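Here's the structure, in structure tokens; my notes come after.
As the structure is a computational prediction, the values presented were derived from the model and not from experiment.
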Amino acid sequence: MKKKTVEYGKYGYLFIVPFFLVYLVFSLYPLIYTLYLSFVEYYQYKSKWVGPKFCGFDNYLSQLKSTGGQMNRTLASIINTLIIWIINFIPQVLLSLLLAAWFTDTSIKLKGTGAFKIMMFMPNIITASSIAVLFYSLFSRNGPLRQALVSMHIIGKDYDFMESGAATIGLIGFMQFWMWYGNTMIILIAGILGINPSLYEAAMVDGASGGQNFRYITFPLLMPILQFTLVTSAIGGLQMFDIPSLFNVNQNYDGLPNWRSETITMWIKRLGFSSRNYGRAAAASMILFIVTLVISMIFFVATKERQPKQKHAILEA
């Protein structure tokens, strides 16, 4: 007589159904619909809607070609986004990795690490809009930090951070870095604490230094967590919107000065909600998707775990 068994695997499918339903409705369907809109002519002209009418790659070409000897605003906004992201991304990863190694090094025995972690994570709790308004009030024409720099003769009396494209981009990049380096540090600390302590004990017995421990144990075993950090930083950084759209903009929410601080998401919003040209906004969104995908794939390849090649023994008869 066969014993009656209970298959618990089917209950697991019931638990993951809500996730897939939310993903299909709020992620997959919008992505497919955006891809569809990028190939159609669909915009509002004098309170009348034109389209949707298939137009091939016209929306993409209109977003990529330059006119009148000037760079297209889509390309310009992508370049602005990449510059701001690099300013934020490189110091964020390097400092977070350094602090994570420092706080987890048992030989240093640093006191009050919990308080340091809280203080460094604190900017991530503050809303981006508050940070943008705070930095604008500090570095504006009559801001206290600008006045202090002028009184110390570090900058000239006529220098205005809001009129300088390099200063505006640098401040936005710093704000992004200041907000997120604490979060990245916590993730890397969790990854380091997951490494088997016996490896460090064996290295200590062999007389390895702290730098050798980091180079040959911590960094290689932390690579999967670092890969996750790099990819998520690229995805989130290239989609930055809140701080640039509130920091230094005009009444039309164009990035000042002369669109130097305008990111690709700000341009997509202008196309979709101000100009009501959904076809071109969708094409710009897909261009951003492709750029993000390429950068993410580069990170995947660069941080991929490589197995050492095994040399096959030659058997002689």
Side-chain angles (χ1 to χ4, degrees), residues 22-23 25-35 37-38 59-60 63-64 72-93 96 123-132 135 168-184 187 226-249 253-256 259-275 277-300:
V22 173
Y23 175 77
V25 174
F26 295 102
S27 295
L28 185 60
Y29 171 72
L31 178 62
I32 296 175
Y33 187 62
T34 302
L35 180 62
L37 286 178
S38 67
N59 289 327
Y60 290 91
Q63 296 304 301
L64 294 175
N72 188 280
R73 281 187 68 175
T74 301
L75 294 177
S77 61
I78 290 177
I79 293 174
N80 294 338
T81 305
L82 289 173
I83 294 174
I84 296 173
W85 172 67
I86 291 173
I87 294 173
N88 150 48
F89 167 75
I90 294 178
Q92 177 191 150
V93 173
S96 300
N124 190 254
I125 303 175
I126 307 173
T127 59
S129 58
S130 301
I131 292 178
F135 272 74
T168 300
I169 288 177
L171 287 173
I172 294 174
F174 177 78
M175 283 185 277
Q176 293 284 140
F177 155 77
W178 186 58
M179 278 191 64
W180 290 103
Y181 85 97
N183 180 73
T184 305
I187 294 174
L226 192 60
Q227 183 185 77
F228 167 80
T229 303
L230 294 176
V231 173
T232 52
S233 175
I235 295 173
L238 294 176
Q239 294 178 1
M240 70 181 83
F241 174 78
D242 39 16
I243 289 179
S245 63
L246 293 172
F247 178 61
N248 189 15
V249 293
Y253 294 98
D254 296 323
L256 298 177
W259 303 292
R260 288 288 304 278
S261 62
E262 183 174 73
T263 62
I264 181 63
T265 51
M266 294 171 62
W267 174 236
I268 292 172
K269 175 184 176 294
R270 183 173 180 80
L271 286 172
F273 294 95
S274 299
S275 302
N277 195 325
Y278 292 159
R280 293 188 176 183
S285 300
M286 294 309 300
I287 293 172
L288 173 61
F289 173 77
I290 293 171
V291 172
T292 306
L293 180 63
V294 170
I295 293 177
S296 300
M297 292 304 298
I298 292 174
F299 284 149
F300 267 115

Smallest separation among heavy atoms of Ile264 and Ser77, with atom names
CD1-OG, 3.4 Å

Run through Ile169, Leu171, Ile172 and flag the one making a side-chain contact (heavy atoms from CB on, under 4.5 Å) with Ile87.
Ile169

Taking atom CZ of Arg270 and atom OG of Ser275, what is their separation to the nearest 0.5 Å?
5.5 Å

So which heavy atom on Leu246 is nearest to which on Ala132, and how close?
CB-CB, 4.0 Å

Apply the test side chain to side chain contact (heavy atoms under 4.5 Å, CB included) to residues Ile243 and Phe135: give CA-CA distance (whole Å), side-chain angles for both, the deciding distance (0.1 Å), then the verdict.
CA-CA 10 Å; Ile243 289 179; Phe135 272 74; over 6 Å; no

Atom CG of Leu288 and atom OG1 of Thr292: how far apart are they, to the nearest 0.5 Å?
4.0 Å

Answer yes or no: are there more than 12 heavy-atom neighbours, outside Phe241 itself, under 6.0 Å from its atom CZ?
yes

Backbone N or O of Ala282 within a donor-acceptor pair of the Asn59 side chain at under 3.5 Å?
no

Would you name the heavy atoms of Ser38 and Tyr60 that are closest together and state the gap between them?
OG-OH, 2.8 Å

Residue pair Phe89, Leu230: steps toward the side chain to side chain contact (heavy atoms under 4.5 Å, CB included) verdict:
CA-CA 9 Å; Phe89 167 75; Leu230 294 176; 3.2 Å; yes

If you count the non-hydrogen atoms of other residues, nucleotides and ligands that lie under 6.0 Å from CZ in Phe299, is the total more than 12?
yes

So salt bridge (charged side-chain N to carboxylate O under 4.0 Å, His left out) across residues 72-91, not counting sequence neighbours, yields Arg73-Asp254, Arg73-Glu262

Let me confirm one number: the CD1-CG distance from Ile235 to Leu293, rounded to the nearest 0.5 Å.
9.0 Å

Quick check: do Asn80 and Thr263 have side-chain heavy atoms less than 4.5 Å from each other?
no

Closest heavy-atom pair and its distance - Met266, Tyr253:
CE-O, 3.6 Å

Quick one: side chain to side chain donor-acceptor pair (under 3.5 Å) pairs with a partner in residues 226-247, sequence neighbours left out?
Gln227-Thr303

Under the ring pair (Phe, Tyr, Trp, His ring centres under 6.0 Å) test, which residues partner Trp180, sequence neighbours left out?
none

Do Met286 and Leu35 have side-chain heavy atoms sitting under 4.5 Å apart?
yes

Is it true that a side-chain atom of Ser96 and a backbone atom of Tyr181 form a donor plus acceptor pair closer than 3.5 Å?
yes

Heavy-atom nearest pair, Pro244 first then Val249, reads O-CG1, 3.5 Å

Phe177 vs Phe174 aromatic rings, parallel, tilted or perpendicular, using cut-offs 30° and 60°?
tilted

Heavy-atom pair of closest approach, residues Leu238 and Thr81:
O-CG2, 3.5 Å

Side-chain donor or acceptor of Thr265 paired with backbone N/O of Met240 under 3.5 Å:
yes

CG (Asn277) and CD (Gln63) are apart, to the nearest 0.5 Å, by 8.0 Å

Inter-residue atom distance Trp178.CH2 - Asn124.CG, 0.5 Å rounding
11.0 Å

Any Thr168 side-chain heavy atom under 4.5 Å of Leu256 side chain:
no

